[in-house]
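Here's the structure, in structure tokens; my notes come after.
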Amino acid sequence: MAQAATNLATQAPKESFADLLAESLGTGDSLEGTVVKGRVVAIENDMVLIDVGLKSEGRVALKEFAGPGNQAPELKVGDTVEVYLERFEDKNGEAMLSREKAKREEAWTQLEKAFNDQQRVAGVIFGRVKGGFTVDLNGAVAFLPGSQVDIRPVRDISPLLGTPQPFQILKMDRSRGNIVVSRRAVLEESRAEARSELVANLKEGQVLQGVVKNITDYGAFVDLGGVDGLLHVTDIAWRRINHPSEALQIGQTVTVQVIRFNPETQRISLGMKQLEADPWEGVEAKYPVGAKFKGRVTNITDYGAFVELEPGIEGLVHVSEMSWTKKNVHPGKIVSTSQEVEVMVLDVDPQKRRISLGLKQCLENPWESFVDKFPAGTELEGEVKNITEFGLFVGLPGDIDGMVHMSDIDWNKSGEEAIAEYKKGDRVRVKVLDVDVEKERISLGIKQLSNDPFESAAAGLRKGEVVTCTVTAVNENGIEVAVGDGYTGFIRKADLARERSEQRPDRFAVGEKVDAKVTQVDRATRRISLSVKAREMEEEKQAMAEFGSSDSGASLGDILGAALRRKQKEGDE
């Protein structure tokens, strides 16, 4: 019995010691695979010796204590650190510890909580991988897709490397060790908050700073910090800008003014030129009508060219005011873009912001020069430039044209006949008849180079004179005849004979000689009117006066017969 008591006594303390040891050190099953606290005993080269309360210390690589973004570790002897116990002993009898796994375990616990609570987490972008970047989330490595870096594509991510930033966890799988984060989600959320605050306080006339986000043909979209506004191309500057890229570039910070804001549609119209002085104020005093200025051609259209007089002030030179002589020519053949030209102010309309300019007014007027050098009556020689149905255009000195009307080509021929004798390129001699400087017209004549033969012919004709003429044409209304040297005369049907029955044009033949009395000489129409009837009546009157009247017993036939016989006798003699 004593022996039994002795055995019992010796066993009791032994069990108590084992319990105490287990309580103090734990067992392999309970400590391995967990995070334990330890004290830094020594730092030797690139290794850290840590005492975690086991029978032997463990070694951990110094680099595992590096800060976020691989920053140099701040560690000294005596510091308490948490490490992950992988095994009690390795082949060297030391505890196998890991600082990285400890940080990862701690981080995963915190990240899971943040993920479930949809909270942001802090992290540092420290590397680039295929399709994105790696992020250190306080020990846990996460993947940041390239599309989730920013709201807009980022060309250079180097400014973001090594800088602590907030991220949103999109997906995580602890069993596989996968975490996907987004920086863009955080920015969009912040942007939405800023947008709401900005829109709530936005008002017309407000001056803001923004960043050019996108450029189109009609303007630029400016990010005002969560909300975009449109800066139209016409509101960028007072001067003419053909494309926004001439004055802006993507990413540029600009100062703008809110011109219009629609709270319902949240459309914001912005302006930059509104922050500058309006150059159109006092424009009438700066650019009086009739004054000449130098400017630069900024734009050329089908109807003219725009000339910049100063930044923000442009005037239009209409195509009709570009050249004295070049008509129906595209403005691009007279001036070129960026060319410096001298112009005259023709009209100013401040309300419509329009200035009409003239280019040709600064050059010598060739019409004024022509009339000074070649007054009416001057004879010149020129080339037939063009032929129309109403006349000839002849090139004259000063690079201008004059016109010979069809009625001024030939004294005797019709206009159509006279025009047919000319062709382009013919050299002709002309006389200046008239110069209209205001209408820019010069009237020329070819027939005026010689005297009008009609005048000499008409001078030998007297009204009431009986002449012998030749029938040249027969028509329903009468007959045309040649008088004298071939000038045209006309005998109306009613003047063809005294007797109505004889007043028939068809009883005359072309080439037949006819005696007729001149009744009218019209110099304006160059026509001679004649009458056979008037001649016959004149002859009858003379015969009755000479041979008696019917009242004396003589018949009209006797009287006329006697007169005819006498006339025949005179002709025979």
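Bear in mind the structure is a predicted one, so any value in this text is a computation, not a measurement. Note: hydrogens, waters and symmetry copies are ignored here, and every other heavy atom, side chains too, is used.
- The two residues Ala247 and Ile236 come nearest to each other via the heavy atoms CB-CG2, 3.9 Å.
- Residues Ile400 and Trp324 are not in side-chain contact: their nearest non-hydrogen atoms beyond the backbone lie 4.5 Å or more apart.
- A salt bridge is absent between Arg353 and Asp349; no separation between the charged side-chain nitrogens and carboxylate oxygens falls under 4.0 Å.
- A donor-acceptor pair under 3.5 Å is formed between the side chain of Ser182 and the backbone N or O of Ala185.
- Taking all atoms of both residues into account, the shortest heavy-atom contact from Gly395 to Asp401 is CA-OD1, 3.5 Å.
- The shortest non-hydrogen separation linking Arg183 to Leu144 is N-CD1, 3.8 Å.
- When all heavy atoms are compared, the tightest approach of Leu160 to Gln165 is O-NE2, 3.1 Å.
- If you take CG on Asp228 and CG on Asn214, they are separated by 9.0 Å, rounding to the nearest 0.5 Å.
- For Arg296 and Glu340, the salt-bridge test fails: no basic side-chain N is under 4.0 Å from an acidic carboxylate O.
- By the 4.0 Å N-to-carboxylate-O rule, Glu310 lies too far from Arg239 to be salt-bridged with it.
- The shortest distance between side-chain heavy atoms of Ile179 and Phe115 does not fall below 4.5 Å.
- For the ring-ring contact (aromatic ring centres under 6.0 Å, His included) condition, no pair includes a residue of residues 211-239, sequence neighbours left out.
- Distance CG/Leu316 to OG1/Thr301: 6.5 Å, rounded to 0.5 Å.
- In this structure, Met172 CE and Asn178 CG are separated by 10.0 Å, a value rounded to the nearest 0.5 Å.
- Looking at Glu440, its side chain never comes within 3.5 Å of a backbone N or O of Val437 through a donor-acceptor pair.
- One finds no salt bridge joining Arg260 and Asp235 here, because no Lys/Arg side-chain nitrogen approaches an Asp/Glu carboxylate oxygen to under 4.0 Å.
- Salt-bridge check for Glu368 with Lys360: failed, with every basic side-chain N at 4.0 Å or more from each acidic carboxylate O.
- Smallest separation of non-hydrogen atoms from Ile241 and His243: CG2-O, 3.1 Å.
- In this structure, Asp399 places its CG atom where only 12 or fewer heavy-atom neighbours from other residues, nucleotides or ligands lie under 6.0 Å away.
- What you find for Pro164 and Gly162 is that their closest heavy atoms are CD-O, 3.8 Å.
- The closest side-chain heavy-atom distance from Val222 to Val254 is below 4.5 Å.
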